[in-house]
Protein chains: 2
Amino acid sequence: MEMDDRKMKILQAIIDDYILTGVPVGSRTISKKYDMGLSSATIRNEMSDLEELGYLDQPHVSAGRIPSAKAYRLYVDSLMKTGRIRDDSLETVSRHFTGRVHQMEDVIDHAASVISALTRYTAVVLPPKGKQPRMQTVQLVPVSRDAALVVIVTDTGIVRDSTIRLPGDMDSDTLYAISRALTEELRGHTLAEACEILPGMIQRMRENEELLQGLYGFLNERKESPSRPHVAIGGTSNMLSYPEYSDVEKARTFLSLMETRDKLASIIAGDGEMAFTVRIGPETGVPEMVDCSIVTATYSTRSGQQGTIGVIGPTRMQYSRVMSILNIMGHQLTDLFSRGDETNE
Amino acid sequence: MEMDDRKMKILQAIIDDYILTGVPVGSRTISKKYDMGLSSATIRNEMSDLEELGYLDQPHVSAGRIPSAKAYRLYVDSLMKTGRIRDDSLETVSRHFTGRVHQMEDVIDHAASVISALTRYTAVVLPPKGKQPRMQTVQLVPVSRDAALVVIVTDTGIVRDSTIRLPGDMDSDTLYAISRALTEELRGHTLAEACEILPGMIQRMRENEELLQGLYGFLNERKESPSRPHVAIGGTSNMLSYPEYSDVEKARTFLSLMETRDKLASIIAGDGEMAFTVRIGPETGVPEMVDCSIVTATYSTRSGQQGTIGVIGPTRMQYSRVMSILNIMGHQLTDLFSRGDETNE
DNA sequence: GGTTAGCACTCGATTCGCTTGAGTGCTAAC
DNA sequence: GTTAGCACTCAAGCGAATCGAGTGCTAACC
């Protein structure tokens with residue numbers, strides 16, 4: 001036995017209905033609400049076939065059927081109608097992002113809350129992540145008598161600044177001179193490379209050994225990951241509106257997962273290159289999320305870094321809606337980040 | 001009728017028990033578990049009195065009594081035994097903060113998660129907030145051909161940096177010269193004052209008008225609040241472990257509240273000066289939190305800024321435990337921030 | 001007078017059985 | 001191949017019965 005056109009149509013109707021209502025759908029519902037010109041009995045036979053094929057599950061014998069992960073997969077792959085999103089939603093998105101220039105963190109926080117508000121699911125936004133950034137400018141800014149701020153500008157943005165200790169009294173001109181020398185020497189290199197170059201400089205500039213040592217330590221500490229990325233999350237509470245999470249225990253494990261941002265980031269980030277990803281239930285690879293689906297899209301900045309936006313919702317998700325929202329938002333962010341220069345973090 | 005010593009002891013036992021179990025406590029429980037040398041009948045009489053005095057509520061006639069907000073107030077004010085916290089918890093706290101230097105945001109994120117892990121409630125940490133910071137150094141760091149990073153160091157830390165557009169090609173020496181002039185002129189002034197001084201400078205330095213205009217816009221935008229403070233939250237999912245929140249709808253409103261960080265910050269921040277605050281139920285002034293309590297403590301940095309750490313939990317909270325944890329954590333943070341120079345953010 | 005044993009009473013929670021109704025699977029007729 | 005019809009299943013909803021924790025009151029006791 002295999003899929004034919006009619007089975008397809010019936011399956012689609014079942015999925016549509018289930019996504020809408022969240023309750024198992026029966027044969028009568030399909031034959032009445034979606035006029036197929038078939039009686040419930042016929043639908044019943046087809047549903048029985050669809051179950052055998054693995055597209056439908058039956059919670060118990062006298063309930064309707066619910067779509068399986070396999071069904072959703074088929075749905076997003078081929079039979080989903082990619083609905084045009086209503087204009088007002090779209091307007092909301094762009095209205096929120098035109099206007100004044102933003103900080104990176106504000107932008108992604110905001111993006112997360114807009115996405116979650118529009119989709120009514122949980123949204124996650126990861127900041128742009130580049131390859132090894134290359135240094136462009138190094139500057140030491142005096143903060144107090146004995147401390148200076150290290151500001152490193154790279155081609156992908158600034159490395160999170162932090163203070164280092166200054167050996168003795170050093171006026172701002174001296175610091176500037178050292179900054180120039182450092183910039184000269186380190187420009188175009190990655191942080192890791194800088195860590196190899198610095199010892200040589202320390203040899204040559206004995207008089208500033210202490211300062212440079214401090215800088216070396218600073219670089220060494222963050223050469224691996226320029227800074228722990230700021231993960232923006234929005235609408236975690238939305239999940240509680242869905243009957244799937246009326247079980248408190250389930251809700252709790254979900255929320256705990258949302259709290260461990262590192263783990264969350266790695267789940268969302270996925271394998272990377274795909275512009276659009278839909279992972280359904282078990283496909284997420286996360287045991288806690290067997291009845292969740294994750295949809296992600298990417299955006300990029302002028303300097304070619306890629307960021308990820310994602311939505312987490314129940315497997316019974318309004319995939320087409322979510323995908324079009326993510327699509328719009330992805331473009332919006334890409335626009336925003338290529339327009340201005342807000343690649344700093 | 002008024003409170004006597006015995007009533008006090010009974011009330012304390014009731015509160016202790018209720019905090020522990022979360023179920024209404026009956027007279028028999030008290031007379032058996034807490035050996036008062038009194039029969040349940042006597043306790044019953046006393047409980048009846050306590051109810052009349054407004055310290056106890058009775059959910060329904062055949063259930064035990066639960067402490068009222070008034071009772072908790074009395075409890076934290078006078079009859080709570082400030083338990084020594086177990087050593088391992090304390091160790092956990094300090095272990096997490098010794099070691100390498102941290103970024104401000106990392107520290108407060110971390111503090112929130114440690115507090116929530118120790119208390120099993122929801123923790124909120126607000127970054128240090130000073131009065132009007134005074135500028136110390138202004139420096140423009142070239143980022144690209146047509147953009148520069150503005151770094152403003154104030155007596156309380158750095159103002160969140162951001163880029164402004166550069167008019168034409170400007171080399172780093174020119175930028176440095178301008179930076180020096182700006183520093184000269186603006187040192188010691190608040191951001192708001194700077195906004196009044198700048199127009200004059202623009203008059204005098206016509207050749208850099210465009211750049212200075214950009215800077216002016218930059219300052220103007222953040223003179224009110226140097227930057228939207230980063231609020232760290234931990235353990236929101238902990239709340240779901242308490243029967244108080246087994247009602248999904250309740251949980252949802254609580255979580256939504258936790259998501260609006262601005263509102264949350266203003267709730268936690270409170271009136272400010274008190275080193276220790278305990279607000280019980282209605283005292284929080286937030287309708288959504290009538291059955292929550294908020295305990296806050298403060299910490300301070302070397303430059304005298306004050307930050308707030310807080311715990312939100314059910315009114316039936318382990319107040320003494322929470323207070324001692326906040327106390328320790330407050331000291332820990334104060335130590336950390338006065339030891340190093342991590343007043344930048 | 002304070003304390004306590006005893007008892008009737010209340011009322012939420014639990015259990016049990018019954019009914020209802022949505023939905024299925026099968027069969028026989030079209 | 002489609003459909004009407006029917007027996008069957010089973011979760012959910014409902015109400016009565018039961019249970020038990022806990023109270024308030026009274027009368028006896030120290």
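Everything numeric in this text was worked out from a predicted model, so none of it was measured. A note on names: the letters A, B, ... follow the listed sequences, proteins ahead of strands, and every chain is numbered from 1.
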Counting just side-chain N and O atoms, does [X] come under 4.0 Å of either OP1 or OP2 of [N]?
X	N	value
B:S48	D:dT23	no
A:S62	D:dA11	no
B:R6	C:dT3	yes

**Q.** B:T284, B:L257, B:I312 screened by side-chain contact (heavy atoms from CB on, under 4.5 Å) with B:I267, the one that passes
**A.**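 It is B:L257, the one option of B:T284, B:L257, B:I312 that forms the side-chain contact (heavy atoms from CB on, under 4.5 Å) with B:I267.
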Nearest to the side chain of [X], which nucleotide is it out of [options]?
X	options	answer
B:L38	C:dT3, D:dG24, D:dT2	C:dT3
A:S27	C:dT24, C:dA5, D:dC10	C:dT24
B:E51	C:dT24, D:dC10, D:dG24	D:dG24
B:S39	D:dT3, C:dC26, C:dA5	C:dA5
B:R65	D:dT2, D:dC10, D:dT23	D:dT23
A:M47	D:dT23, C:dT24, C:dA5	C:dT24

Q: Please state whether the base of D:dG22 and the side chain of B:R28 form at least one donor-acceptor pair under 3.5 Å?
A: no
Q. CG of B:D4 versus P of C:dG1: gap in Å, rounded?
A.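 In whole Å, C:dG1 P and B:D4 CG are 17 Å from each other.
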**Q.** Length of the CG-C1' vector between A:D17 and C:dG23, whole Å
**A.** 14 Å
Q. Can we say A:D109 and B:R261 salt-bridge, meaning some charged N sits less than 4.0 Å from an Asp/Glu carboxylate O?
A. no
